[in-house]
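Protein chains get the first letters and strands the later ones, always in sequence-line order, with residue 1 at the start of each. FYI, side chains are in, hydrogens and waters are out, and symmetry mates aren't considered; it's all heavy atoms of this structure.
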Amino acid sequence: MLSYADGLNTAARYAICILLGLLAGGGAAVQAVRQGFSDGTLASGPWETGKDFGSADASALVRARVALRGLLALPRSEAMYFTARTDSNGAALDGSCRYEIRGGRFDARWWSVTLYDRAGWLVPNPWHRHSVGSGAVPGESADAWSIAVAPAEQPGLWIPSTGAPQFDLTLRLYHPGSTLREAPQQSVMPEIRRLACGA
Amino acid sequence: MRRWLGPLAAGALVAAATWQATLVAAPFALMRVAMNRLGASGRVNAFTHGAPTRAESQFVVRPSPDLLYSTCVFDRSAGPVLVDVPAIPDHYWSVSIFDARTDVAAVRSDRDTHGAPARLALVAPGAATPAGYEAVPLEHARGIALIRILVSGEDDYHAVDPLRQLSNCRAG
């Protein structure tokens with residue numbers, strides 16, 4: 001007895017396989033683009049940076065990822081973008097926790113740290129505060145600064161995580177020096193320490 | 001089973017081609033969405049000077065609240081588009097040109113101009129460049145010119161805003 005599959009004519013077999021090929025190829029591409037921020041290979045602590053934002057030699061996959069996650073991003077010669085999704089111990093950043101980010105000087109002209117939700121959008125908060133930049137750090141603290149990230153108001157430099165169950169932090173470094181551009185994975189990046197969670 | 005070998009091979013080929021086609025098309029599609037959003041007013045070849053970024057007013061993912069953005073959706077298909085950005089003293093500022101594929105065709109900051117204004121001509125490859133302008137050859141006709149200015153707060157914004165209003169993006 002012929003099975004059902006054997007009974008299909010040649011055209012139907014081709015039609016099925018081509019349709020599945022379309023779905024699999026398109027689906028896998030969309031998945032691959034959505035999955036990663038970058039190649040993910042250049043990381044220093046929790047901070048990850050893409051290899052070639054906005055440059056013409058980016059692969060099709062990297063270009064598509066950058067277009068989705070950081071459209072209109074600048075090339076490395078102008079600015080570098082590092083994103084942390086976890087604290088320095090590897091735990092996902094959680095909006096109900098208090099964190100301390102500690103860092104020092106960078107090999108760059110200016111820098112800023114900005115909080116986004118997981119989709120890359122600023123999260124509304126009553127203070128309209130979303131970032132802290134090097135311009136806000138007092139001169140005497142430039143070598144050793146500390147920024148609080150917490151759902152409730154904090155003294156000193158502070159970014160609210162109010163209303164963001166999970167979040168990530170983007171560190172921008174403008175006009176990075178050659179050491180940073182060539183070996184970002186060897187640069188000392190800020191530490192993200194979780195202090196306490198819950199109300 | 002042998003009758004499935006041909007169809008399976010065809011399916012695999014189609015899958016590989018669709019994978020590549022989707023990846024190649026994605027930046028164009030995302031850029032088109034951004035251009036439509038920015039050019040919603042129908043303004044092409046003109047700068048729109050954005051208000052300081054807030055959570056309620058984000059036109060593209062990961063905007064920086066420390067930067068002021070001015071954007072121009074350009075179309076050089078009818079001839080060169082001229083981009084003029086005045087110097088903003090004592091501030092980081094830059095103008096970058098993104099093509100329809102999201103690639104950066106040019107970035108000029110105050111570091112590059114040594115405090116002078118930036119004057120860019122967006123042209124088709126091989127086309128003549130108007131005098132006094134630096135040529136930026138573009139394979140694709142459409143794209144986005146984006147000015148970034150670092151500001152330190154509300155007062156600084158009010159000081160810088162009249163200067164950036166002098167920027168120009170126009171058919172040459």
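You'll find the side chain of B/Val104 stays beyond 4.5 Å of the side chain of B/Ile97, heavy atoms only. With contacts defined as side-chain heavy-atom distances shorter than 4.5 Å, the pair B/Val136/B/Val123 does not qualify. B/Pro80 places none of its side-chain heavy atoms less than 4.5 Å from the side chain of B/Leu122.
Each of A/Ala15, A/Ala24, A/Ser131 has some count of heavy-atom pairs under 4.5 Å with chain B, and the biggest count is that of A/Ser131. Ranked by heavy-atom pairs under 4.5 Å with chain B, the first of A/Ser77, A/Ala28, A/Pro124, A/Cys17 is A/Cys17. By number of non-hydrogen pairs under 4.5 angstrom with chain B, the leading residue of A/Asp168, A/Asn125, A/Thr114 is A/Asp168. Of the listed residues (B/Ala10, B/Gly6, B/Ser94), the one with the most heavy-atom contacts under 4.5 Å to chain A is B/Gly6. Taking chain A as the reference chain and counting heavy-atom pairs below 4.5 Å, the highest number among B/Gln20, B/Met31, B/Arg54 is found for B/Arg54. Residue with the most contacts toward chain A among B/Asp112, B/Thr53, B/Val24, B/Asp66: B/Asp66 (heavy-atom pairs, distance under 4.5 Å). Top candidate by heavy-atom pairs under 4.5 Å with chain A, chosen from B/Ser152, B/Ala17, B/Pro27, is B/Pro27.
In this structure, B/Arg62 satisfies the cation-pi test against A/Tyr116, with its NZ or CZ atom closer than 6.0 Å to the six-membered ring centre and inside 45 degrees of the ring normal. Taking the ring centre of A/Tyr81 as origin, the terminal cationic atom of A/Arg172 falls outside the region bounded by 6.0 Å and 45° from the ring axis.
Between B/Ala55 and B/Gln58 the shortest heavy-atom distance is O-NE2, 2.8 Å. A pairwise comparison of heavy atoms in A/Leu93 and A/Asp87 identifies CD2-N, 3.7 Å as the closest pair.
Taking a cutoff of 4.0 Å between a charged side-chain nitrogen and a carboxylate oxygen, B/Arg170 and B/Asp84 qualify as a salt bridge.
Only the side chain of B/Ile144 comes within less than 4.5 Å of a heavy atom of chain A; its backbone N, CA, C and O stay farther away. For A/Leu20, no part lies near chain B; criterion is any non-hydrogen pair under 4.5 Å. Heavy-atom distances place the backbone of A/Ala119, and not its side chain, under 4.5 Å from chain B. Proximity to chain A (any heavy atom under 4.5 Å) is shown, for B/Leu13, by neither the backbone nor the side chain. Contacts between B/Ser64 and chain A at a heavy-atom distance below 4.5 Å involve backbone atoms as well as side-chain atoms. With a threshold of 4.5 angstrom between heavy atoms, A/Leu68 approaches chain B through its backbone and through its side chain. Of the atoms belonging to B/Leu30, heavy atoms from both backbone and side chain fall under 4.5 Å from chain A.
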Audit row: B/Tyr92, A/Trp110, side chain to side chain contact (heavy atoms under 4.5 Å, CB included) steps and yes/no: CA-CA 9 Å; B/Tyr92 165 85; A/Trp110 64 273; 3.4 Å; yes

